[in-house]
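Report on the following structure.
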Amino acid sequence: MVLHLNPRLPLFSGQIRFRVTLCNDPAQFENGFDLSDPHGQPWCINAVQIAHSSSFASLKEQLDRDGYTEFMQALSTIPKTMNSRRKLFYLEQPFVMDLSHHKHYFTSISPDRIREGLISSPFLDTRVRQKAINKGPPYTGQIVVRFERSTLPEHAGGNFVVIRVLKILDPVKPVDPHYDNFIEVPRVGGLILNSKKTSALV
């Protein structure tokens, strides 16, 4: 078990991860790798869970005994209203998007502000005919994406954010096998398109 801290992020972004080693020699701990979940992402217990769940009281005591004083102090600053949903500490931080969800919730955390937010799925097909067939997004699967500032000509002079696809975790499949791909299938490296236009946030 290891406390993972990213030096570019606030202390309360820390996570407890399991380290896998090829042998039981403590000297080889640094040469190990983090245990992954079924989607290839690091399995973890995040700071919000540690701070507010009674299930991790003994873990907090162990961290305190091990001398992680600053981290423990950071945990005490996490408001009880913050849940363990997706947390974004900087704009281009990658996160997992489930294509079957209607809405995507997140917590935006900056040095001076914590804000809860949500975006509607950029994959919703709002055509009347399609809504009669399927009221949800037309695809299933999970992908890794990130927000980024738009550099597209049509967004020049404005503050627009687009979503770029970084990785396909679960195969993307249409809910309706006869779907006409009006909402395009996400592709690694591409921007998410909605109705043949780039999906953007102002």
Side-chain angles (χ1 to χ4, degrees), residues 1-121 142-149 159 161 163-170 201:
M1 189 169 64
V2 60
L3 175 60
H4 175 81
L5 298 172
N6 188 326
R8 70 174 291 188
L9 301 181
L11 274 174
F12 57 73
S13 69
Q15 304 172 337
I16 294 296
R17 299 181 179 180
F18 278 134
R19 177 60 58 90
V20 180
T21 61
L22 299 179
C23 64
N24 60 1
D25 181 0
Q28 297 300 315
F29 188 80
E30 294 299 327
N31 296 326
F33 57 92
D34 292 331
L35 180 70
S36 298
D37 65 19
H39 301 297
Q41 303 300 301
W43 179 94
C44 73
I45 303 171
N46 64 54
V48 176
Q49 293 171 294
I50 299 171
H52 299 317
S53 174
S54 59
S55 300
F56 299 114
S58 60
L59 179 57
K60 291 172 67 175
E61 294 174 359
Q62 184 64 53
L63 288 168
D64 197 29
R65 287 195 298 269
D66 288 348
Y68 292 104
T69 306
E70 290 187 25
F71 179 67
M72 296 304 296
Q73 291 174 343
L75 290 183
S76 67
T77 67
I78 300 177
K80 292 186 180 297
T81 54
M82 184 192 294
N83 56 40
S84 59
R85 69 177 52 166
R86 178 185 301 115
K87 292 174 289 299
L88 300 180
F89 295 94
Y90 59 96
L91 179 64
E92 296 186 348
Q93 180 180 331
F95 62 92
V96 176
M97 177 178 284
D98 189 319
L99 302 186
S100 65
H101 289 179
H102 288 241
K103 298 181 184 296
H104 301 279
Y105 296 87
F106 61 91
T107 301
S108 175
I109 303 173
S110 62
D112 60 346
R113 182 180 297 181
I114 298 175
R115 301 179 65 179
E116 304 288 339
L118 68 88
I119 59 171
S120 296
S121 171
Q142 291 191 328
I143 59 178
V144 178
V145 300
R146 74 180 184 198
F147 294 118
E148 59 183 56
R149 291 180 178 84
N159 292 316
V161 172
I163 304 174
R164 188 173 299 280
V165 181
L166 303 179
K167 185 178 181 180
I168 306 294
L169 295 180
D170 286 341
L201 306 174

Legend entry - Sub-4.5 Å side-chain heavy-atom contact between I16 and L3: yes

Legend entry - Spacing of CG belonging to L99 relative to CD1 belonging to I143, to within rounding of 0.5 Å: 4.5 Å

Inset, instruction - Give the C-alpha distance, both sets of side-chain angles, the deciding distance and a yes or no for side chain to side chain contact (heavy atoms under 4.5 Å, CB included) between F29 and V2. - result: CA-CA 10 Å; F29 188 80; V2 60; 3.8 Å; yes

Inset, instruction - Taking all heavy atoms of T21 and all of G32, pick out the closest pair and write down the distance. - result: CG2-CA, 4.2 Å

Legend entry - Contacts of type salt bridge (Lys or Arg N to Asp or Glu O under 4.0 Å), residue R19, not counting sequence neighbours: D34

Inset, instruction - Evaluate whether atom CZ of R65 has more than 12 neighbouring non-hydrogen atoms of other residues, nucleotides or ligands under 6.0 angstrom away. - result: yes

Legend entry - From NZ (K167) to CD (Q142), nearest 0.5 Å: 12.0 Å

Inset, instruction - Could you pull out all residues at least two apart from Q15 that satisfy side chain to side chain contact (heavy atoms under 4.5 Å, CB included)? - result: H4, R17, C44

Inset, instruction - Test side chain to side chain contact (heavy atoms under 4.5 Å, CB included) on F147 and I163 and set out the steps. - result: CA-CA 5 Å; F147 294 118; I163 304 174; 3.8 Å; yes

Inset, instruction - Give a yes or no answer on whether the side chain of D66 reaches the backbone of Y68 with a donor-acceptor pair at less than 3.5 Å. - result: no

Inset, instruction - Over all heavy atoms of both residues, which pair between A51 and L75 is shortest? Give the atoms and the distance, please. - result: CB-O, 3.8 Å

Inset, instruction - Compare every heavy atom of G14 with every heavy atom of L5, then report the nearest pair and how far apart it is. - result: CD2-CA, 3.7 Å

Legend entry - Non-hydrogen atoms of K60 and I50 that approach each other most closely: CD-O, 3.0 Å

Legend entry - Contacts of S108 that satisfy side chain to side chain contact (heavy atoms under 4.5 Å, CB included) - sequence neighbours left out: F106

Inset, instruction - Can you establish whether the number of heavy atoms outside Q62 located under 6.0 Å from its atom CD is more than 12? - result: yes

Inset, instruction - Could you pull out all residues at least two apart from E148 that satisfy side chain to side chain contact (heavy atoms under 4.5 Å, CB included)? - result: E92, R146, V162, R164, L191

Inset, instruction - Check the pair V145, L166 against side chain to side chain contact (heavy atoms under 4.5 Å, CB included), reporting the backbone distance first and the verdict last. - result: CA-CA 5 Å; V145 300; L166 303 179; 5.8 Å; no

Inset, instruction - Could you tell me the separation between the CZ atom of F71 and the CG atom of L63, rounded to the nearest 0.5 Å? - result: 6.0 Å

Inset, instruction - Return the set of residues passing ring pair (Phe, Tyr, Trp, His ring centres under 6.0 Å) with F56 (not counting sequence neighbours), or none when no residue passes. - result: none

Inset, instruction - Give, for atom CG of L88 and atom CD of Q93, the distance between the pair rounded to the nearest 0.5 Å. - result: 5.0 Å

Legend entry - Pairing residues for L118 by the side chain to side chain contact (heavy atoms under 4.5 Å, CB included) criterion, not counting sequence neighbours: K103, Y105

Inset, instruction - Hey, could you give me the CE/CD1 distance between M97 and I119, rounded to the nearest 0.5 Å? - result: 4.5 Å

Inset, instruction - Begin with the C-alpha distance, continue with both residues' side-chain angles, and end with the deciding distance and a verdict on side chain to side chain contact (heavy atoms under 4.5 Å, CB included) for Y90 and R8. - result: CA-CA 10 Å; Y90 59 96; R8 70 174 291 188; 3.7 Å; yes

Inset, instruction - Return the minimal non-hydrogen interatomic distance between D98 and H104, and the atom names on each side. - result: O-CE1, 3.1 Å

Inset, instruction - Please round to the nearest 0.5 Å and tell me the distance separating atom CG of L91 and atom CZ of R149. - result: 5.0 Å

